[in-house]
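Worksheet: the structure to be examined is printed underneath.
Here the structure is a predicted model, which means the values were calculated and not measured.
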Amino acid sequence: MRRIAALLAAAVLVSPLAAQQRRAAPKHYTYVIVHGAWGGGWDWLAVDSMLTRRGHTVVRVTLTGLGERHHLASPDVGLYTHIEDVVNKILWDNLHDVVLVGHSYGGMVITGVADRVPDRIKRLVYLDALLPDSGESVLTLPDTSRPRFVKSITRGDYTVPVWVQDTTVVPRDVPMSLRTFTDTLRLVNPARTKVPAAFILTYEPQITPDPFQPYADRAAARGWPVYKMVSDHLPERTHRAELVALLERVP
């Protein structure tokens with residue numbers, strides 16, 4: 001009897017601690033990351049490794065015609081091709097409760113993905129990203145400077161910024177089909193509006209106005225949380241630890 005009483009007393013002492021440990025257990029998420037224009041999933045390898053070490057699952061999608069898939073480049077590749085890339089990855093890998101992260105141009109893509117498979121998405125995260133409404137394209141979004149910039153880098157059916165001229169470095173940014181910027185996004189599924197979303201604005205104090213501030217304002221007007229971090233436009237290269245910490249906070 002004394003032994004039974006001792007065991008029961010030990011259980012009473014251990015149980016609260018075990019419950020506390022269960023409550024404190026870190027949450028693990030499935031991140032699907034969509035890169036920006038001219039880039040590729042390769043650019044997110046280090047962030048992938050950092051999140052994976054913390055117990056998360058990370059899927060880096062490389063959009064058709066870019067990164068290691070640049071051999072598939074074609075003038076026919078458009079915004080809807082890239083939306084299909086991500087939708088199919090989610091469906092074929094049978095992913096659920098996805099934290100879908102779109103960087104820069106990737107914001108156009110994840111908006112279309114949410115319209116297609118809202119039931120698979122836990123949260124949308126727009127990282128210094130374009131945030132479109134239905135009926136908009138990259139060229140018609142609220143930014144008077146973007147059409148001029150795109151015109152200045154257009155070479156035939158492709159956009160080729162000055163930093164993608166070198167064709168010898170691997171991995172690297174590569175030219176991107178102009179159609180990805182001219183395709184109009186049409187949103188038809190009301191369920192997409194039920195998907196929680198957040199916006200992360202990266203900013204450099206010396207640059208005003210910030211070119212992505214209008215999209216952060218649009219997110220705030222929708223009632224989404226807006227987070228800010230000091231960084232250039234490429235935190236996946238320059239501020240990885242800060243970005244990973246913030247991504248873990250958002251869901």
(message) Taking transitive links into account, so neighbours of neighbours count too, which hydrophobic residues share a cluster with V244 at under 4.5 Å side-chain distance?
(response) Y29, Y31, I33, W44, V47, M50, L51, V58, V99, V101, V125, L127, I200, Y227, M229, L243, L246, L247, V250
(request) Specify the closest pair of heavy atoms between E248 and P251, including all atoms of both residues, with the distance to one decimal. (result) O-CD, 3.6 Å
(request) Working to the nearest 0.5 Å, report the span between CZ of R146 and OG of S137. (result) 9.5 Å
(message) Going by the rule side-chain hydrogen bond (donor to acceptor under 3.5 Å, both in side chains), which residues pair with D128 if we only count those two or more places apart in sequence or in a different chain?
(response) T202, H233
(request) State whether a side-chain donor-acceptor pair under 3.5 Å links Y105 with H82. (result) yes
(request) Verify whether one side chain among S134 and R186 offers a donor that lies under 3.5 Å from an acceptor in the other. (result) no
(message) If hydrophobic residues (ILVMFWY) are linked whenever their side-chain heavy atoms come closer than 4.5 Å, directly or via other members, who joins V188 in its cluster?
(response) none
(request) On the 0 to 90° scale, with breaks at 30° and 60°, tag the Y126-F199 ring pair as parallel, tilted or perpendicular. (result) parallel
(request) Output all residues satisfying salt bridge (Lys or Arg N to Asp or Glu O under 4.0 Å) with D93, sequence neighbours left out; order by chain, then residue number. (result) K89
(request) Check the hydrophobic clustering (I, L, V, M, F, W, Y; side-chain heavy atoms under 4.5 Å; chains of links allowed) and say if W163 and V150 are grouped together. (result) yes
(request) Find out if a path of hydrophobic residues (ILVMFWY) with successive side-chain heavy-atom gaps under 4.5 Å connects L201 to L234. (result) no
(message) Between H35 and E236, is there a side-chain donor-acceptor contact under 3.5 Å, judged purely by atom types and distance?
(response) no
(request) Using side-chain hydrogen bond (donor to acceptor under 3.5 Å, both in side chains) as the criterion, list what pairs up with D48, not counting sequence neighbours. (result) T52, R60
(message) Once ring pair (Phe, Tyr, Trp, His ring centres under 6.0 Å) is applied, do any residues pair with H96, and if so which ones, sequence neighbours excluded?
(response) none
